[in-house]
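Order of listing sets the numbers, starting from 1, for every ligand and every atom in it.
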Amino acid sequence: MAILPVTFDPDPILHEKAKRIKTFDAGLRKLVDDMFETMHSSIGVGLAAPQIGQSIRLLVAELKPDKEANERGFKVALCNPEIVKASEEMISDFEGCLSIPGWIGEVPRHASVVVKAQTPEGKEMRIKANDYYARVLQHEIDHLNGILFTDRVVDIKTIQRLDPKTPEEEVQLLEV
Ligand code: ZN
């Protein structure tokens, strides 16, 4: 496994629509492993392929379960993900991005989504995600369409510097 260099805004690859994955081979699965490792090394909970310089429709997301908070956690690697259903209810919350380090902003997201995707083996799958998990998937799928969280911020005054005193767990929840 390898830690890959993260691309930062304004790299043009972050503003392009990524290409569909057609070949599900060992090279793709190695890339998935490398993306998980890169994400873990950068205290993120999600990472999309354009963020490591590859303009393909692939994302990984992982949050360890938290028994105290009764959070189930999640771990997925999705190829060609597509939102096929989204709740009308929107929730606004702060989020950040590994490609825009040190900045956060308040972004409205659908409270729940159903995502259709393929596994790195090419198998069709569907996920129903709520709340924070839904937020992470919407943020990462946006990356595959060349959209950054800063494009989604409704009130520009909410864009602010992340306080350097913020505890690491909280930073992890912001960086997607
Ligand atoms: Zn991001």
Worksheet entry | By salt bridge (Lys or Arg N to Asp or Glu O under 4.0 Å) - contacts of Asp142 (at least two apart) | Arg109, Arg152
Discussion item. Would a single hydrophobic cluster contain both Val45 and Leu78, if residues Ile, Leu, Val, Met, Phe, Trp and Tyr are joined by side-chain heavy-atom contacts under 4.5 Å?
Written reply: yes
Item to complete: Give a yes or no on whether a salt bridge exists between Asp131 and Arg135, defined as a side-chain N under 4.0 angstrom from a carboxylate O.
Response: no
Item to complete: Please determine if Lys123 forms a cation-pi arrangement with Phe24, meaning its NZ or CZ atom is less than 6.0 Å from the six-membered ring centre and no more than 45° off the ring axis.
Response: no
Discussion item. Could you enumerate the protein N, O or S atoms under 2.8 Å from the Zn ion (ligand 1), written like residue then atom name?
Written reply: Cys97 SG, His139 NE2, His143 NE2
Worksheet item: Where is the tightest heavy-atom contact between Tyr132 and Leu174, given as atom of each residue plus distance?
Response: OH-N, 4.4 Å
Worksheet item: Between Ser87 and Glu89, is there a donor-acceptor pair closer than 3.5 Å when you use the side chain of the first and the backbone of the second?
Response: yes
